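Step one of this worksheet: look at the structure below.
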Amino acid sequence: MDDIYIILVASLFSISCGLLGSFLILRRMAMVGDAISHAVLPGIVIAFLISGSRDSFEMIIGAALLGLITSFLIEFFHKKANLQTDAAIGVTFTWLFALGIILISVFAGQVDLDQECVLYGEIAYVPLDLWITDAGLNMGPKALYVSAFILAAVIIFLSFGYRYLHITTFDSAFAASIGISIGLWHYLLMGMVSMTTVAAFDSVGAILVVALFVVPAATSYLLTRKLKSMLLMTVLLSFLNSFLGYYLASTINGSISGAIASTSGVFFLLAFLFSPIDGIWIKAIKRNFDKSKNTSKTKFNKIFKE
Amino acid sequence: MKVEILNPAVEFHDTTVSYDRKPVLWNIDMTLPQGSLIGIIGPNGAGKSTLIKAAMGLLPLASGYVKIFDGDLDEHRKRVSYVPQRESVDWDFPTSAIDIVLMGRYAHIGLLGRISKKDRSLAMDCLEQVGMQAFAKRQISQLSGGQQQRVFLARALAQQADLYFMDEPFAGVDASTESAILNILRNLTQEGKTVIVVHHDLQSAAEFFDWIVLLNMRLIASAPIENVFTQNLLQETYGGKLTLLSEISELIKKRNIPSRENY
Ligand SMILES: Nc1ncnc2c1ncn2[C@@H]1O[C@H](COP(=O)(O)OP(=O)(O)O)[C@@H](O)[C@H]1O
Ligand SMILES: [Mg+2]
């Protein structure tokens, strides 16, 4: 049963991350996801100090706010200080992450969070943190409810916002010209990314959550040229990564989240090599094919001229 | 050289536009007539794209205002269509030609409305008009530059607007696409619609447009084409580097210019 809980929680979180990550990749904002996942740390610590618990509602809201502040700061440094986006991202998130680390070390006594858990997560403990009702009824792991709630929120957001995310991502100037607010959809997406990050990071850690956002989505991007199938494929890959990653970890008795991220890396590599669209294998074949076609054409021309 | 008209499609009133407080367009003041094919001409960096972005409310104005059909843009948004420069979007984006054209219907459908059968068949009609119906399901990354430009045009047609702003629709297209696009634009103006096109090739501009706006950070001319292609004005727009000038004035003379009592 514990196995199933862990795989389920990992899958639900990675599906949420992967769906949002698909849009981040298409917007060339994968690094913003990275930045947010680190920059929410001080928000988490402060919310912890206020609420005194690790899975409170305040925590999610606090960190989501910090995520929004992060994306706002990045835009601000980029637009107002004329800093390149990557530099703006680098400055913003390292600084906020460092602030979080300092807060953790200063309040180490009062905060049940350590750097290790922040960086790597503790998905193996998911089955231990149970939701017991006041009547003493065991409802199963809390993380299961959190991850299901987040996935539901992401799916609702995407089904209402799909058309608008599609159009603002593909052609923001056109979207603005028909009266759609680019800023609104940018910050709604960033808000969802922040919320998902915070909820997932307790289980998978601040570094690996980035892998969940980027790697399955990047893999599907190599495999298809349709947005809807890219999203579906991301869902499938997220599940496979969690499932195979978990069994890899238990076979070698290693870190679960590490194994999940590594599995997703392997899938990415396979797609990179063998994708029917973008794989380097198929490209090499096409190149050879074109070459032989071209040589026969020049031969033809020669003969024709002679 | 400036000709003002009554009841314009677009009016720029003393409009200045800046990036980072550095003005790139100074005091543009002109009226553009309805029902015409209008070319905005000028060298690279003259501010042509900036001008139509400003008209579409995509950039803040440092001063002045722009009126669309004698009103605010927001009142007439559904009547106005904007076609960005082709290079401004990522053509590797995973989507198909028909999906792009359907975007032209979004303004009419609203946030939660459904795309109806009618919208779909209209989108197909628009693809057919630009000769792309066979490519409806094709992923946009597999289209040539000229075909991508046609898809953008089809999206604009699907908006069923009365006023079109197009940024370099003729850039990088082959001769047959060029004449196909030109035909469509002429048909639109024949239906009384106004088409404003950013264009940077002087020679073809002389053949394409009814009305010309010459721009180089400032407004140099806005008038019917036969008043605009003069040695002085072109020199002022492009600086000294115009050896083509005499050829172009020949072209203008040769061109069979229809009567223009309406201006
Ligand atoms: N986003 C921007 N930020 C700063 N400067 C810009 C921006 N876009 C354009 N410019 C500058 O404004 C001037 C006009 O640009 P643009 O309107 O694109 O010219 P055109 O379309 O006529 O080639 C150029 O000098 C260009 O460098
Ligand atoms: Mg331009």
Side-chain angles (χ1 to χ4, degrees), chain A residues 22-30 78-83 156-157 159-185 188 217-234 271 275-278 283 286, chain B residues 19-22 49 52-53 55-59 73-86 88-96 99-100 102-115 137-143 151-152 155-156 158-159 161 163-167:
Chain A
S22 301
F23 285 99
L24 291 181
I25 285 187
L26 292 173
R27 290 174 167 243
R28 305 180 184 278
M29 284 173 51
H78 175 53
K79 291 240 167 80
K80 298 284 154 169
N82 243 336
L83 210 57
I156 290 171
F157 171 67
S159 40
F160 279 102
Y162 179 81
R163 203 185 286 165
Y164 286 71
L165 288 167
H166 186 193
I167 192 170
T168 55
T169 305
F170 171 67
D171 191 345
S172 58
F174 177 79
S177 82
I178 62 172
I180 296 172
S181 165
I182 312 288
L184 174 71
W185 288 95
L188 279 176
T219 310
S220 333
Y221 179 77
L222 295 182
L223 291 172
T224 172
R225 280 280 172 269
K226 273 190 192 149
L227 183 52
K228 278 190 179 137
S229 26
M230 180 174 161
L231 294 173
L232 285 178
M233 212 173 281
T234 303
S275 158
I277 304 171
D278 264 341
K283 275 187 186 153
K286 272 189 196 153
Chain B
Y19 291 109
D20 306 319
R21 298 203 187 80
K22 188 175 140 264
S49 300
I52 62 174
K53 281 184 193 159
M56 286 308 299
L58 303 177
L59 293 170
L73 172 66
D74 276 323
E75 294 166 40
H76 298 292
R77 229 180 248 287
K78 285 185 192 163
R79 297 177 63 196
V80 187
S81 160
Y82 169 63
V83 181
Q85 251 168 301
R86 183 164 57 88
S88 70
V89 306
D90 170 19
W91 289 94
D92 279 331
F93 193 89
T95 198
S96 61
D99 283 341
I100 303 288
L102 280 169
M103 288 177 181
R105 301 303 302 156
Y106 286 6
H108 298 265
I109 302 168
L111 177 63
L112 298 173
R114 294 217 135 255
I115 295 172
K137 289 264 156 57
R138 195 66 77 82
Q139 302 310 302
I140 55 172
S141 57
Q142 297 167 356
L143 302 175
V151 171
F152 257 16
R155 179 176 70 180
Q159 289 182 274
L163 169 61
Y164 292 84
F165 290 98
M166 304 188 177
D167 204 339

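Atom set for the values below is all heavy atoms of this structure, side chains included, hydrogens, waters and symmetry mates excluded. Quick note on labels: first sequence line is chain A, next is B, and so on, each numbered from 1. The structure presented is a predicted model; accordingly, all values stated were derived computationally and were not measured.
Both the backbone and the side chain of B/Asp92 come within less than 4.5 Å of a heavy atom of chain A. Of the two parts of B/Ile100, only the side chain, counted from C-beta on, holds a non-hydrogen atom closer than 4.5 Å to a non-hydrogen atom of chain A. Contacts of B/Ile140 with chain A are made by side-chain atoms alone, with heavy-atom separations under 4.5 Å and no backbone atom involved.
Residue B/Tyr19 holds its OH atom at 13.0 Å from CG of A/Asn82, rounded to the nearest 0.5 Å. The distance from the OG1 atom of B/Thr95 to the CG atom of A/Leu26 is 10.0 Å, given to the nearest 0.5 Å. Atom NZ of B/Lys137 sits about 8.0 Å away from atom NZ of A/Lys226, to the nearest 0.5 Å.
Shortest non-hydrogen contact noted between B/Arg114 and A/Arg163 is CA-NH2, 4.0 Å. Pairing each heavy atom of A/Ser177 with each of B/Arg77, the nearest pair is O-NH1, 3.1 Å. Closest heavy-atom contact between B/Gln159 and A/Phe174: OE1-CE1, 3.4 Å. Shown here for B/Leu58 and A/Ala173, the closest heavy-atom pair between the two residues is CD2-O, 3.7 Å.
By the 30° and 60° cut-offs, the orientation of the rings of B/Tyr106 relative to A/Tyr164 is parallel.
Here the side chains of B/Phe93 and A/His166 are in contact, with some heavy-atom distance below 4.5 Å. Proximity of B/Asp99 to A/Phe170: side-chain heavy atoms (C-beta onward) are nowhere separated by under 4.5 Å.
The residue among A/Ile167, A/Thr169, A/Thr224, A/Ile182 with the most heavy atom pairs within less than 4.5 Å of chain B is A/Ile167.
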